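Report on the following structure.
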Amino acid sequence: MTKIAIVYFSNFKGNTETLAKAVQRGAEAVPGTEVTLIHTDAVDEHWLTLHAADAIIFGSPTYIGSVAAKFKEFIEKLAGEVWLQRLWVNKIAGGFTVSAGRGGDKLACLQQLAIFAAQMGMIWVPMRITGGNYSTQGSEADLNRMAGYLGVMAQANIDEPPELAPPPSDIQTAELHGNHIAHVARQFAHGRKALAADYDTYADQAPGSASAPLSLPELLEQP
Ligand SMILES: Cc1cc2nc3c(=O)[nH]c(=O)nc-3n(C[C@H](O)[C@H](O)[C@H](O)COP(=O)(O)O)c2cc1C
């Protein structure tokens, strides 16, 4: 099985959760893929799943042109043991965000997710299709209507319920991206085994414990 975890935060309208489920559907359509959906509030119950994953997909709403504070809190839990011991090196990574504005400064959010993955030594997967809605022939119904390449850029009108926003085009874009990441993760997981590097660890030999990773201060206190 290719193991994929989706870690997301969603609070205001549930829009990021809608996207997370779409990413999950897309990933699960790839044969042999097992997906675990993890809200950041529940992350402490899932450390072994994360350590064992072939791919981790990150989702945060754009709050004040940034990842949400609660998502950053999750990121900073990785700034000790996971970062220093390189526990997540060579895991596949990708991301998605949603904002109310069509721009909304959401590129900054995706950039933060990609930099975060890079700090952990992960391999970031971009969008596989070109941007939509580029011309008079385009429309809001186009896939990737925000024309983002780093990951899924969705948009949800602030006065609509989660059943209506984000619109179907964004949900389908999230499904497509989850599907693409699952394909890349499957190809890479098989390739890693066939062409092993001596520094590499694999999903079925995951290091790390079930409890929250040691923080940097905790690591520095150790003899
Ligand atoms: C604290 C806060 C800050 C926000 N900042 C932005 C922003 O910078 N740009 C934007 O376009 N929308 C912003 N929004 C709107 C959210 O990005 C949007 O409603 C999103 O779909 C919420 O996702 P969620 O329902 O998963 O929390 C903000 C919303 C909140 C609650």
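Everything numeric here is computed off the predicted structure, so don't read it as measured data. First listed ligand is number 1; within each ligand, the first listed atom is number 1.
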Write out the residue and atom name of the closest protein heavy atom to atom 9 (N) of ligand 1, then the distance separating them to 0.1 Å. Gly104 O, 3.0 Å
In terms of side-chain geometry, is the basic nitrogen of Asp54 or Lys91 positioned less than 4.0 Å from the acidic oxygen of its partner? no
Check each atom of ligand 1 against the heavy atoms of Ile64 and keep those under 4.0 Å away; list them by number with element. 3 (C), 4 (C), 5 (N), 6 (C), 7 (C), 8 (O)
Using the salt bridge (charged side-chain N to carboxylate O under 4.0 Å, His left out) definition, which of the options Arg192, Lys193, Lys3 pairs with Asp204? Lys193
Using a strict 4.0 Å threshold on nitrogen-to-oxygen distance, state whether Asp159 and Lys13 make a salt bridge. no
Distance from atom 18 (C) of ligand 1 to nearest protein heavy atom, with residue and atom: Ala100 N, 3.7 Å
Under 4.0 Å, counting heavy atoms only: does Asp105 come that close to any atom of ligand 1? no
Ligand 1 N/O within reach of Pro61 N/O, cut-off under 3.5 Å: no
NZ/NE/NH1/NH2 to OD/OE distance under 4.0 Å, Lys77 and Asp44: yes
Worked verdict on Met127 versus Thr173 for side chain to side chain contact (heavy atoms under 4.5 Å, CB included): CA-CA 9 Å; Met127 184 65 59; Thr173 304; 4.0 Å; yes
Less than 6.0 Å separating the ring centroids of Tyr8 and His39? yes
Just jot down the ligand 1 atoms closer than 4.0 angstrom to any heavy atom of Asn11, in number order. 24 (P), 26 (O), 27 (O)
Have Thr2 and Thr33 got a donor and an acceptor in their side chains that come within less than 3.5 Å? no
If I apply the N/O under 3.5 Å rule, does Phe9 come out as touching ligand 1? no
Tell me, which protein residue and heavy-atom name are nearest atom 17 (O) of ligand 1, and how many Å apart are they? Thr62 O, 2.7 Å
Check: Glu17 N/O within less than 3.5 Å of ligand 1 N/O: no
Heavy-atom neighbours of Lys21 NZ exceed 12 at 6.0 Å: no
Tell me: protein heavy atom nearest atom 21 (O) of ligand 1, and distance? Asn15 ND2, 2.8 Å
Do Phe116 and Phe58 make the cut of ring centroids closer than 6.0 angstrom? yes
Below the 3.5 angstrom mark, is there an N/O of Ala156, backbone or side chain, next to an N/O of ligand 1? no
Which atoms of ligand 1 are found less than 4.0 Å from any heavy atom of Gly101? 10 (C), 11 (O)
Counting both backbone and side chain atoms, is some N or O of Ile158 under 3.5 Å from an N or O of ligand 1? no
Apply side chain to side chain contact (heavy atoms under 4.5 Å, CB included) to residues Gln112 and Lys72 and explain how you reach the verdict. CA-CA 10 Å; Gln112 286 164 357; Lys72 187 67 167 36; over 6 Å; no
Just to confirm my output: which protein heavy-atom neighbour is closest to atom 19 (O) of ligand 1, and how far is it? Phe12 CD2, 3.2 Å
Ligand 1 to Lys13, heavy atom cutoff 4.0 Å, flagged ligand atoms 24 (P), 25 (O), 27 (O)
Suppose we measure from atom 8 (O) of ligand 1 to each protein heavy atom; which comes out shortest, and what is that distance? Gly65 N, 2.9 Å
